[in-house]
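Notes follow the structure.
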Amino acid sequence: MLKTWISAGDFIDLYYKVKQKGVDVIISMLHLLPQARTASKWNTVTASSNFWILPQIRTRWNELCTGSREMEYEEYIVLKYLDGKRGLRMLSVGCGTGSRERKFARHQVFSLIEGIDLAENQVNKAALLASEERLGTIHYMVGDFLKHEFKQAPYDLILFNSSLHHFNHIDKLLQNRVLHLLKDDGLLVVFEYVGPNRLQWTKEQLEFTNRLLKELPDSYRIRENSSSVKKRVYRPGLIRMLITDPSEAVDSESIIPSLHRHFEVVEEKKLGWDITHLLLKDIAHHFNDDTPQTRELLQYVLEREDEYMALTGRSDGIFGVYRKR
């Protein structure tokens, strides 16, 4: 696959990030150590204008994961695989602000849920929200998953929710780290980006997305906090990726083959993301209302993504349940 070291999109994104966050915030992210740059990027708990904020996208994911638009995957996992069990232990890797752990904790199957993340601000927010709900089974930690000593291991369930793609050497990680932290017959649950490394979108992906972008009304293409119309999607430059977050999709292409190599596949479902991820970046907020026009337009976008998936057999997003052999 063709790699892009610097793209026009890098300069466009930099311009809008400076306008939105200021020069000081951008400079503060440029730490010397790669891990520090990763933590800095994710340490800010803010809203965004990306596709995952949209209720219609989330209900689509629910249906693809669980078969029901109303049921999220946490409830699905508990009802299908853990029903009637008690005293289980769970580990969430890259927990962020903790929404997934709280959803699991509302069920009475876990005696302990541990979450770990590099970003201190997000972990503090997660702990506060769990405390407010009086979810005493949850314990959060600031730390490096690769180095932390997990005294409560082994776990009955390990979760990677959009975090596994931030790790390098996926095959070794699963074989030498994850398997050892999981009980015999334990479950690994992933909700993940598994597309091109470093977000180096394919030529076909970019062409399809840019054709669809041109079909959208200009009023839906104005970038967040801007008056500028989004005219084109670009493959991000590798230099920019390494500077802002060296962990982003560093070995994402290895996730599926490595999971299949080291675990029994219980179920694995395609979620798409190939088009919506690119198309809706910086403009998703326009689709976050419930008017008939917006609903119809977003439904059209989702149907086009389904068309792309059917044509190519690809899916940049997956939901999977895997069992330790």
Side-chain angles (χ1 to χ4, degrees), residues 61 64-67 71-96 98 100-117 137-141 143-194 247 250-271 315 317-325:
W61 293 347
L64 292 171
C65 290
T66 73
M71 181 183 290
E72 296 184 287
Y73 75 70
E74 295 86 358
E75 181 180 4
Y76 173 79
I77 292 293
V78 170
L79 293 177
K80 186 169 182 178
Y81 298 104
L82 309 177
D83 189 36
K85 297 185 178 181
R86 293 292 184 272
L88 302 182
R89 295 197 297 269
M90 169 183 159
L91 173 65
S92 176
V93 183
C95 59
R100 298 298 177 178
E101 298 80 63
R102 293 193 298 278
K103 290 171 185 176
F104 273 115
R106 291 167 194 148
H107 300 276
Q108 303 302 311
V109 300
F110 294 100
S111 61
L112 174 68
I113 297 177
E114 292 192 314
I116 187 168
D117 201 293
T137 57
I138 304 180
H139 173 64
Y140 288 108
M141 303 166 286
D144 183 348
F145 171 68
L146 297 175
K147 299 176 182 177
H148 187 84
E149 181 182 354
F150 293 96
K151 296 181 181 180
Q152 299 298 326
Y155 298 94
D156 299 278
L157 187 150
I158 295 178
L159 171 67
F160 286 90
N161 185 90
S162 297
S163 57
L164 185 55
H165 72 276
H166 285 281
F167 289 91
N168 204 354
H169 309 301
I170 294 293
D171 197 79
K172 290 182 179 179
L173 175 82
L174 293 176
Q175 182 178 18
N176 299 333
R177 186 64 166 161
V178 176
L179 280 172
H180 291 287
L181 291 173
L182 197 59
K183 284 185 179 179
D184 291 342
D185 207 36
L187 295 178
L188 173 65
V189 177
V190 303
F191 183 92
E192 276 297 338
Y193 170 80
V194 295
S247 75
V250 59
D251 193 26
S252 49
E253 294 173 16
S254 297
I255 290 176
I256 289 180
S258 297
L259 285 169
H260 292 183
R261 187 174 299 114
H262 298 295
F263 292 85
E264 172 194 347
V265 180
V266 180
E267 59 177 290
E268 190 175 82
K269 298 171 180 177
K270 295 179 178 180
L271 305 178
S315 176
I318 64 160
F319 167 73
V321 181
Y322 309 87
R323 194 182 304 276
K324 184 174 180 178
R325 297 184 189 276

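None of these values were measured; they are calculated from a predicted model.
With sequence neighbours excluded, no residue satisfies side-chain hydrogen bond (donor to acceptor under 3.5 Å, both in side chains) with E75.
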* To do: Tell me, with the steps shown, if V178 and Y155 meet side-chain contact (heavy atoms from CB on, under 4.5 Å).
  => CA-CA 10 Å; V178 176; Y155 298 94; over 6 Å; no
* Test log, rule side-chain contact (heavy atoms from CB on, under 4.5 Å), inputs D185 and R323 -> CA-CA 6 Å; D185 207 36; R323 194 182 304 276; 2.8 Å; yes
* To do: Evaluate side-chain contact (heavy atoms from CB on, under 4.5 Å) for D156 paired with L82, printing each intermediate quantity in order.
  => CA-CA 10 Å; D156 299 278; L82 309 177; over 6 Å; no
* Check against side-chain contact (heavy atoms from CB on, under 4.5 Å), L259 and V265 -> CA-CA 8 Å; L259 285 169; V265 180; over 6 Å; no
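Ring planes of F319 and Y73: tilted class, angle from 30 to 60°. Ring geometry for Y76 versus Y81: interplanar angle over 60°, hence perpendicular rather than tilted (30 to 60°).
No side-chain heavy atom of L88 sits less than 4.5 Å from a side-chain heavy atom of L157. R86 has its side chain within reach of V109: a pair of non-hydrogen atoms, C-beta onward, lies under 4.5 Å apart.
A donor-acceptor pair under 3.5 Å is absent between the side-chain atoms of R261 and the main chain of Q175, judged by distance alone. Without hydrogens or angle criteria, S315 side chain to L271 main chain gives a donor-acceptor distance under 3.5 Å. At least one donor-acceptor pair under 3.5 Å links the side chain of D251 to the backbone N or O of I170. Remark: side-chain polar atoms of S92 are not paired, donor with acceptor, to backbone N or O of E101 under 3.5 angstrom.
Screening L173, D171, N176 for a side-chain contact (heavy atoms from CB on, under 4.5 Å) with H262, the sole residue that qualifies is D171. Of the residues listed (V93, I255, V189), the one engaging F160 in a side-chain contact (heavy atoms from CB on, under 4.5 Å) is V93, and it is the only one. Tested against E114 for a side-chain contact (heavy atoms from CB on, under 4.5 Å), the candidates K151, R89, H139 yield a single pass: H139.
The two residues I158 and L182 come nearest to each other via the heavy atoms CG1-CD1, 3.8 Å. Shown here for E192 and L164, the closest heavy-atom pair between the two residues is OE2-N, 2.5 Å. The two residues S252 and Y193 come nearest to each other via the heavy atoms OG-CE2, 3.5 Å. Shortest non-hydrogen contact noted between C95 and G115 is SG-C, 3.7 Å. In terms of heavy atoms, K324 sits closest to K183 at CD-O, 3.3 Å. Nearest heavy-atom pair across A105 and T137 is CB-OG1, 3.8 Å.
Interatomic distance, CD of E72 versus CD1 of I77, reported as 12.5 Å (0.5 Å rounding). Taking NE2 of H260 as the reference point, atom CD of E268 lies at 3.5 Å (rounded to 0.5 Å). Rounded to the nearest 0.5 Å, atoms CD (E264) and CG (L187) are 9.5 Å apart. Separating the CE atom in M90 from the CG atom in L112 is a distance of 10.0 Å, to the nearest 0.5 Å. Residue F263 holds its CZ atom at 9.0 Å from CZ of R325, rounded to the nearest 0.5 Å.
In summary, E267 and K80 engage in a salt bridge, as defined by a charged side-chain N under 4.0 Å from a carboxylate O.
With F191 as the aromatic partner, R100 meets the cation-pi criteria of under 6.0 angstrom to the ring centre and within 45 degrees of the ring axis.
Summarising the local packing, NE2 of H169 is surrounded by 12 or fewer heavy atoms from other residues, nucleotides or ligands at distances under 6.0 Å.
The aromatic ring centres of F150 and H148 sit less than 6.0 Å apart.
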